[in-house]
Amino acid sequence: MLSANYQTPRVVVAGRASKLSCNKTSPGRVGKKRCVVLALALACTNVISGVCPAAQTEPALMLVTRPPMGWSSWNSFSNTVDAQVVMDQARAMVSSGMQKAGYEYVNIDEGWWLGTRDSQGNIVVDSKAWPALAHGEHPGDMSNIVRFIHGLGLKAGIYTDAGESGCSMFPDLGPKYFHSGSEGHYEQDFLQFAKWGFDFVKVDWCGGDKDNLDPAVQYAEIGRAILRAEAITGHRLFYSTCEWGKNSPWTWAPGIGGVPAAIWRTSGDIVAPVVAGHEHADRKATFAGMLSNFDQGIHPEAQHTGYYNDPDMMVLGMPGLTEAQNRVHMSLWAISGAPLIVGADLAKLSPLLLALLTRPSVLAVNQDPAGLQAVKVAEPAPGLQVWSKPLAETGARAVLLLNRTGSDQPLSVQLSDLQLQTSMPRITDAWTGEQLNSKEDSYTTRVAAGDAKMLLVVGMERPMKRYEPLPIQGAEAETQPGAVLRQHPVRFGSVEGRGGMMRIQIIYTNPDQVIRYARLRVNGQGATVIAFPPSGQARPGMLWIQAKLERTDTGNLLDFSTDCDPGPILDSISLQ
Ligand code: GLA
């Protein structure tokens, strides 16, 4: 059903139609399988139109894991977290309507474990903080709280550190505790988390940082431990890494350890915990701090196929931000496709704050199935910014007009900056639902100082230009065209760029039951690992990514490679 809304089945069909013979001038394309597909397509055009299984050749937009939505104990409970806190918050997630709106993770952060292990190295927790919650349960068994959370139809998250000691050696409240990290126990701990039934794990970096470990190495090892734990228990842990962007995780975190979906922190904490009744209870989040985390979280080239930049838990609902600033905060996290992990005390959220957290049109932008991040497309004057998040629906963009200056200002969005054609677009205010009047080529409105307008724009896409893989040099005749293999990267050459971030549609096949991966490099620079979910054989899959392409006479070279056979079979890429 999804595919009907998405762009370019026509382009793809046209592309195939233009190749209705095995083109001898393009030897790389003359593979056996290719010819069979083309022959079928030819046959179909001669049969009764509409009876032909043409739809089967239309690519289907692949469903990628969406950014996680939930709550974390850290910002409002620090290391005072215990079973009572978690039960209260889980209940509040349900009774407040947040669960209904899509929030599901109840994440236990630092403070649940004080670093003690038994003689076999198993984690031992305080049985008073984590008692039996139902008949037949044992105190000190973390599966008790997981059962409680699952019983409400929610998911449970847990926390550890990649180093030997965790952040509790630098406590926010109370005494120091050492050894609350998983180094030396990766297999054991992540298997334990999965056996307890957790669905999510955040892996912090205090110990890794202190011991000068390499995060790309440690987090890959942990990723593999997570996969092995899943193979043993059948239980998947969503992987959240947290080294605060110190080592540019957007360059190595997508696909790390072979985990199919993950988030990585891109900056420090927006605010240190504000725990009612404890010291520092007068701490406040700041608008400037929140904006800075937003800025540091923008790495669109790494955000695709279920991998997300994480600018930190939201401070919405915590002391410090005005109502308008909370709305801007929610708008920024929505357009950046950031994890929506709320740090506030859910039991204390006002109806107004809940309305901000649960507005369906805004959540839909965050959870859009294309899984892309917003890009800044214009800044006509310093602090007057236009951001655009391409959405999966054809011609749709979520646009944020952000005024970071100290005075009210007019702000315009040009349809050309959104890669849309000049023609009357449909523009809706994402928060109020109001239909807005625009011109054929632009929309202008006044935006208050320190405020933003979030728009849903639906216009006409510009035509896409389609590229096929370059012939594989020296490939054996049997090599399937477009197949990414260890011996044979697949390359797309002379790809026209605009000198900025561009949206790229990839049409591919993955006939396996499991995800296949390929590493993309543009002009030999950088790399990002893209996950290609199973597409089946009958119908190709379609994914969106974004990459920075130069404006050069010779065009750009996109190189897809793999260390691990087989990679996906790439049919084509298309760009506007
Ligand atoms: C780090 C993380 C926070 C939180 C604390 C716990 O600072 O960035 O999100 O997990 O550790 O100590």
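Along the sequence shown, residues carry numbers from 1. All ligand and atom numbering here is 1-based and tracks the order in the structure.
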| task | Determine whether Trp74 and Met313 make a side-chain contact, defined as any pair of heavy atoms from C-beta on separated by less than 4.5 Å. | result | yes

| request: May I ask which of Ile270, Asn79, Asp109 has a heavy atom nearer to atom 10 (O) of ligand 1 than the others do? | output: Asp109

| Spacing of CD1 belonging to Ile335 relative to CG belonging to Asp368, to within rounding of 0.5 Å | 13.0 Å

| request: Return the residue, atom name and 0.1 Å-rounded distance of the protein heavy atom closest to atom 7 (O) of ligand 1. | output: Asp269 OD2, 3.1 Å

| query | At a 4.0 Å threshold, what atoms of ligand 1 neighbour a non-hydrogen atom of Cys167? | reply | 11 (O), 12 (O)

| field | Cationic N near anionic O, under 4.0 Å, Arg327 to Asp451 | value | yes

| query | Considering only the protein, which heavy-atom contact is closest to atom 9 (O) of ligand 1, and what is its distance? | reply | Lys202 NZ, 2.8 Å

| said: Given Thr528, which partner from the list Gln303, Arg519, His304 fulfils the side chain to side chain donor-acceptor pair (under 3.5 Å) test? | reply: His304

| field | Nearest-neighbour protein heavy atom for atom 2 (C) of ligand 1, which is reported as residue plus atom name and distance | value | Asp204 OD2, 3.4 Å

| message | Taking 4.0 Å as the limit for heavy-atom contacts, which would you say applies to Cys242 with ligand 1: side chain only, backbone only, both, or neither? | response | side chain

| query | Is Ile108 close to Trp113 at the side-chain level, that is, under 4.5 Å between some pair of heavy atoms? | reply | no

| field | Ligand-residue contact atoms, ligand 1 with Arg265, heavy atoms, under 4.0 Å | value | 8 (O), 9 (O)

| query | Quick check, are the ring centers of Trp387 and Phe294 under 6.0 angstrom apart? | reply | yes

| Below 4.0 Å from any atom of ligand 1, is there a heavy atom belonging to Tyr159? | yes

| Those atoms of ligand 1 less than 4.0 Å from some heavy atom in Met313 | 9 (O)

| task | Please check if atom NE2 in His280 has more than 12 non-hydrogen atoms from other residues, nucleotides or ligands closer than 6.0 Å. | result | yes

| message | Please tell me whether Asp199 and His150 have a donor and an acceptor in their side chains that are separated by less than 3.5 angstrom. | response | yes

| field | Proximity to ligand 1 by part of Trp244, non-hydrogen separation under 4.0 Å | value | side chain

| Among protein heavy atoms, which lies nearest atom 6 (C) of ligand 1, and at what distance? | Glu110 OE1, 3.3 Å

